[in-house]
Amino acid sequence: MKKFNLALSAAVLTLAATGAQASCESGERVVKFSHVTGGTTHPKVVASNKFADRVNKEMNGKLCVELYPNSTLFGDSKELEALLLGDVQLLAPSLSKFGSYTDKYGVFDLPFIFKDMDHAIRFTQSSEGKELLTEMDEYAGFVGLGYWMSGMKYFSANKKLEVPSDAKGLKFRVQTSDVAKQMISAMGASPQAMSFSEVYGALQTGVVDGQENTWSNIYTKKFFEVQNSVTETNHQLLAYLFMTSSEFLDSLDSSTRAQFMQIANDVTQEANQSVKAKEAANRANILKAGGKINTLTPAQRQEWVDTMKPVWSQFDQYIGKDLVKAAAES
Ligand code: SIN
């Protein structure tokens, strides 16, 4: 990788601000890393930048990671296909976006299954969680390198939400997850699946009334600016599968592969250790920027649990009852 040239054009500096700072030299194998999040304080942005920096420094001359954040190369609907076609080598999609490949990742979407991120991390480190990481290796050619936590999710809407019945009749953007769709229906609201890159515009123009996401996404994508407020429901996890393709991994010689995997593992550990602090900082950033956050009384929170938790019974037979139990009891 050539050193960053200070005389770069404004366009290239914009890329640098989002982390795509590599300029690969001939002879280096280019490794394209596409993802959909943005800003500078988002956990996925920080982790992907860190991964690129380490590979580009420690594997200089062999591999060169180019970053494409903010859906600039591929958005939600195309990125998994692009990985299989070899148009990109690294992704970190939300675990809620694998519904066309496996039912088992639905376990991560079950409302109120994880108390907090520590609970979710314990599950990913259990034998069941580790096994899930390689769930798609055999039949889809995807290789899970690690789980990257993002945060717990919160509802925002164009009106204040305190109890689930406040959401009745509203339309909420969701990821392409059947669990999320049923959860929204259980609230008496309508789910609308949509790519992440379209959410801000859809909230702004009223195509949808609300959405559910982490503090980091709500802050870095400025959703709070076009919503009445965000309610601290803490109802669901958002986590990513940091992944590559078996085709790419198999094409590396064994020492290059081992070094690449070691860096992937180190960055994953580090990302998960610092994710809670990043989420707390982005919550504070929302308040600093004038966004409103509603906290819930224990009785209000219980209403959300009672409304949404029953959707488990619609999915546990597909996910696997043992897997659901293992996650809930981790
Ligand atoms: C992401 O954090 O990668 C996107 C989440 C979403 O689609 O809501």
Side-chain angles (χ1 to χ4, degrees), residues 35-36 44 76-84 90-153 174-186 191 193 195-196 212-214 235-247 249 261 264-265 268 271-272 275 308-330:
H35 67 82
V36 300
K44 180 155 60 180
D76 284 329
S77 59
K78 290 271 179 282
E79 62 180 13
L80 289 169
E81 190 187 325
L83 184 65
L84 290 177
L90 286 168
L91 301 173
S94 153
L95 291 164
S96 314
K97 293 177 182 163
F98 288 89
S100 15
Y101 296 93
T102 175
D103 288 331
K104 290 197 181 157
Y105 284 2
V107 71
F108 292 102
D109 280 340
L110 294 176
F112 298 105
I113 192 163
F114 300 115
K115 217 168 52 258
D116 50 29
M117 275 190 283
D118 289 337
H119 181 176
I121 291 173
R122 278 197 305 279
F123 172 60
T124 59
Q125 290 170 346
S126 69
S127 57
E128 292 87 351
K130 284 185 187 152
E131 206 174 300
L132 270 190
L133 190 61
T134 55
E135 164 68 13
M136 287 170 304
D137 291 17
E138 274 172 34
Y139 62 92
F142 296 142
V143 180
L145 296 168
Y147 295 105
W148 287 2
M149 293 298 137
S150 187
M152 301 307 286
K153 293 205 288 189
V174 289
Q175 301 181 57
T176 53
S177 150
D178 289 340
V179 178
K181 288 178 195 157
Q182 287 305 319
M183 196 180 78
I184 299 294
S185 300
S195 289
F196 186 56
E212 39 147 21
N213 234 305
T214 59
H235 61 278
Q236 214 185 21
L237 175 77
L238 177 63
Y240 308 124
L241 187 68
F242 176 38
M243 67 191 295
T244 186
S245 66
S246 49
E247 194 188 351
L249 215 52
M261 295 296 273
N265 192 43
T268 298
N272 289 338
V275 66
M308 287 154 68
K309 221 172 154 180
V311 307
W312 289 27
S313 64
Q314 296 173 46
F315 293 95
D316 57 7
Q317 58 189 309
Y318 305 108
I319 294 168
K321 288 192 177 174
D322 289 348
L323 194 55
V324 173
K325 189 166 183 290
E329 292 176 1
S330 282

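Computed from heavy atoms alone, side chains included, the values below leave out hydrogens, waters and symmetry copies. Along the sequence shown, residues carry numbers from 1. Remember, predicted model here, so these are calculated numbers, not experimental data.
For the residue pair F114 and A120, the shortest heavy atom distance occurs at CD2-CA, 3.7 Å. Closest approach of S195 and S77 over heavy atoms only: OG-N, 4.3 Å. Summarising the geometry of S94 relative to L238, their closest heavy-atom pair is OG-CD1, 3.5 Å, with the distance given to 0.1 Å. Residues A264 and F242 approach most closely at CB-CE2, 3.7 Å, considering heavy atoms. What you find for M117 and S150 is that their closest heavy atoms are SD-C, 4.1 Å. D76 approaches K97 most closely through the heavy-atom pair OD1-NZ, 2.7 Å.
The structure places CE of M183 at 4.0 Å from CD of E212, a figure rounded to the nearest 0.5 Å. Of the inter-residue distances, the one linking K153 atom NZ with Q175 atom CD reads 4.5 Å to the nearest 0.5 angstrom. For the atom pair Y105 OH and I319 CD1, the distance stands at 13.0 Å (nearest 0.5 Å). Annotation: the span from E135 atom CD to L241 atom CG amounts to 10.5 Å, rounded to 0.5 Å. Atoms CG and OG, on L80 and S245 in that order, are 11.5 Å from each other to the nearest 0.5 Å. For the atom pair L90 CG and E79 CD, the distance stands at 11.5 Å (nearest 0.5 Å).
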**CA sep, side-chain torsions, deciding dist, call: L237, M149, side chain to side chain contact (heavy atoms under 4.5 Å, CB included)** = CA-CA 8 Å; L237 175 77; M149 293 298 137; 4.0 Å; yes
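The backbone N or O of K321 sits nowhere less than 3.5 Å from a side-chain atom of D316 that would complete a donor-acceptor pair. Checking side-chain atoms of Y147 against main-chain N and O of L133 turns up a donor-acceptor pair under 3.5 Å. For Q236 (side chain) and D109 (main-chain N/O), a donor-acceptor pair under 3.5 Å exists by modelled atom type. Listed for the W312 side chain is a donor-acceptor partner under 3.5 Å among the backbone atoms of P111. Here the side chain of Y101 pairs no donor or acceptor atom with the backbone of F142 at under 3.5 angstrom. Formation of a donor-acceptor pair under 3.5 Å by the K44 side chain with backbone atoms of H35 is not found in this model.
Side chains of F98 and M243 form a contact here, defined as non-hydrogen atoms less than 4.5 Å apart. Between T268 and L145, the closest side-chain pair of non-hydrogen atoms is not below 4.5 Å. Annotation: side chain of F123 is in contact with side chain of L132 (closest heavy-atom distance under 4.5 Å). Side-chain contact between V324 and F315 is absent, with no heavy atoms from C-beta onward closer than 4.5 Å. When side chains are defined from C-beta on, M152 does not count as touching T214, because their heavy atoms never get closer than 4.5 Å.
Comment: D178 engages K181 in a salt bridge, judged by a side-chain N to carboxylate O separation of less than 4.0 angstrom.
The local environment of CD in E247 is sparse, with at most 12 non-hydrogen atoms from other residues, nucleotides or ligands closer than 6.0 Å.
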